[in-house]
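This structure is in structure tokens; I'll ask about it shortly.
Counting convention: from 1, in listed order, for ligands and their atoms alike.
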Amino acid sequence: MVVEETKYFKQFDIKFSTLGIGLHEFVLNIDKTFFLKHANDEIKDADIQICLTVHKSETMAVFDFDLKGTLIVSCDICLEDLTYPIHIKEELILKTSQEHRESEDENIAYVNPNEHQYNVEQFLYEVLYASLPMRKTHPEMNQTCNDIMIQYLEKSSQSTKPEIDPRWEALKEIHL
Ligand SMILES: [Zn+2]
């Protein structure tokens with residue numbers, strides 16, 4: 001990874017152990033660079049601002065994420081870029097545990113008391129990915145499809161239709 005990327009990804013390491021008891025705010029940003037590491041076939045680009053409020057207490061840290069911005073995905077109809085606005089609120093509770101524990105709840109994570117920071121990249125990636133609808137189209141987002149692309153796609157799908165070899169057709173008739 002180049003230096004700039006390493007620097008970019010540093011923002012997702014939340015150093016919770018040095019935080020005092022109380023509320024702390026962070027601003028994170030997700031853009032194209034994020035998906036260099038978290039490759040995704042569906043998300044082509046993004047511009048998302050995340051306000052993260054960390055509520056630190058004696059026994060745990062509660063991360064409140066407020067994600068707002070846009071994702072660029074492909075339209076299912078015309079395949080052109082589709083701007084998909086998002087505004088999501090998610091909570092992640094960080095608890096300390098002496099022994100290694102896997103959390104069954106996706107909004108709860110366990111960390112060893114010796115850990116000083118927690119990386120929120122994977123959590124954010126999953127939140128974004130889960131926000132995508134099954135069907136992503138311009139009309140559903142009150143946007144207009146690219147007509148030229150649709151015409152082009154229709155033409156190319158017609159020309160690639162397999163043609164039945166007339167000799168096979170003739171053979172079939174003989175066997176019948
Ligand atoms: Zn479209």
For the residue pair His55 and Asp64, establish whether any side-chain heavy-atom pair is separated by less than 4.5 Å.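 SC-SC contact between His55 and Asp64 ruled out.
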Closer than 2.8 Å to the Zn ion (ligand 1), how many protein N/O/S atoms do you count?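 Under the 2.8 Å cut-off, the count stands at 4.
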Do any N or O atoms from the side chain of Lys68 and from the backbone of Gln49 form a donor-acceptor pair under 3.5 angstrom?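 No.
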I'd like to know if the side chain of Gln98 pairs up with that of His100 as donor and acceptor (distance under 3.5 Å, no hydrogens or angles considered).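 The criterion, which ignores hydrogens and geometry beyond distance, is not satisfied for His100 and Gln98.
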With sequence neighbours excluded, tell me which residues meet side chain to side chain donor-acceptor pair (under 3.5 Å) with Asn40.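 Only Tyr125 meet the side chain to side chain donor-acceptor pair (under 3.5 Å) criterion with Asn40.
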Ring centres under 6.0 angstrom apart (Tyr118, Phe123):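 That pair fails the under 6.0 Å test.
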Short side-chain donor-acceptor distance under 3.5 Å, Ser103 and Asp105: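 No, because no side-chain N or O of Asp105 sits under 3.5 Å from a partner of the opposite role on Ser103.
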